[in-house]
Protein chains: 2
Amino acid sequence: MAAAEIFRALGDPIRLEMVQRLTRGSRCTITAISEGLGITRQGARKHLQVLADARVIALQPEGRDVLVSLEPESLDQAKLFITELERQWDVRLDALRRFVEQEHP
Amino acid sequence: MAAAEIFRALGDPIRLEMVQRLTRGSRCTITAISEGLGITRQGARKHLQVLADARVIALQPEGRDVLVSLEPESLDQAKLFITELERQWDVRLDALRRFVEQEHP
DNA sequence: AAAAAATGCACCAAAATGGTTGCATTTCAT
DNA sequence: ATGAAATGCAACCATTTTGGTGCATTTTTT
């Protein structure tokens, strides 16, 4: 289940903050996005790797630094997954409603 | 960030499978939802607790057993969070586009 | 009343996570 | 050419997570 990995990547306050920063500001370096998180650069780097493994972000070396950028497709995938869950839920509720109406006319 | 906890709860294949079962079938007991997952009931029970802590599901004792049911509001919250991320992303892209058009008329 | 079912609780072990420090390497700027 | 900046890598540590076993307890069922 690829969705689980994306959810997992988003399931941490620091990583979620990183993603939020990327949606607001543009792409930036690892050092830049690691500032003001209360952890070291090396610590932040591990979080970035988790996000990259789930393809929530992309890391591309550019000379001396590495550019961090958002991969919006992953967010779409996650949202679609939830939407589908809700659709199934609604289908079930509808079936239940029809059943009750049929049994108690 | 409450969203992080919800994402975290969804970020595991077994827990995601449990949620999916709940959207399809109706509420059921702990034993029922723990079957066919490849782990013991006690193991499954811990996953259920994670989901309950994040309010993705509700656990209500009912005589001898405990009924497991989905709390759809949590899914909505998670979806809304992603939707908002995407909105910010789009706002930024639009701003960038307008900027480029202005600079290179 | 006795057996069976559903669950809780406590404890245990292995693995993963989150975070650190220290140091080496590459690349850019002066 | 030298120094500063950005990064990578490895080792290490504490904590949490994942999963298990064993046993006690409470309800149903027969």
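Side-chain atoms are counted along with the backbone in the values below, which use heavy atoms only and exclude waters and symmetry mates. Numbered from 1 within each chain, the chains take letters A, B, ... in sequence-line order.
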Taking N or O atoms only and anything under 3.5 Å, show me the protein contacts with nucleotides 2-4 of chain C, one pair per line.
none

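Atoms CG and CG, from B/L59 and B/D65 in turn, are 12.0 Å apart once rounded to the nearest 0.5 Å. Put simply, NE2 on A/H47 and CD on A/Q42 are 12.5 Å apart, with the number rounded to the nearest 0.5 Å. Distance OG/A/S74 to CD1/A/I57: 9.5 Å, rounded to 0.5 Å. Rounded to the nearest 0.5 angstrom, A/R98 CZ and A/E101 CD are separated by 9.0 Å. One finds the CE atom of B/M18 at 4.0 Å from the CG atom of B/L48 (value rounded to the nearest 0.5 Å).
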Inset, instruction - Mark up nucleotides 13-22 of chain C, 5' to 3', with B wherever a protein heavy atom is under 4.0 angstrom from a base atom, S wherever such an atom reaches only the sugar-phosphate, and - elsewhere. - result: ----SSBBBB

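Distance alone, capped at 3.5 Å, places no donor-acceptor pair between the B/R27 side chain and the B/L67 backbone. Of the possible polar contacts, one joining the B/R15 side chain to the B/A9 backbone as a donor-acceptor pair under 3.5 Å is found. At least one donor-acceptor pair under 3.5 Å links the side chain of A/R21 to the backbone N or O of A/I33.
Between A/F7 and B/F7, the two ring planes are parallel [angle under 30°; tilted spans 30° to 60°].
Closest of all the heavy-atom pairs between B/L70 and B/V56 is CD1-O, 3.6 Å.
Checking B/Q49 against B/R45 by side-chain atom types alone, a donor-acceptor pair falls below 3.5 Å.
B/L16 and B/I82 fall within the same hydrophobic cluster, where Ile, Leu, Val, Met, Phe, Trp and Tyr residues are linked whenever their side-chain heavy atoms come under 4.5 Å apart, directly or through other members.
A salt bridge links A/K79 with B/E86; the closest basic N to acidic carboxylate O contact falls under 4.0 Å.
DNA chain C is contacted by no residue of residues 53-62 of chain A, taking any non-hydrogen atom closer than 4.0 Å.
Checked against salt bridge (charged side-chain N to carboxylate O under 4.0 Å, His left out), B/R87 has the following partners two or more places apart in sequence or in another chain: B/E84.
First and last contacts of DNA chain D with chain B, using any nucleotide atom under 4.0 Å from a protein heavy atom and ordered 5' to 3', fall at D/dT17 to D/dT28.
Axis angle between the ends of the helix from C/dA1-D/dT30 to C/dT30-D/dA1, five pairs each and rounded to 10 degrees, works out to 30°.
Looking only at side-chain heavy atoms (C-beta outward), A/D76 and A/L80 stay at 4.5 Å or farther from each other.
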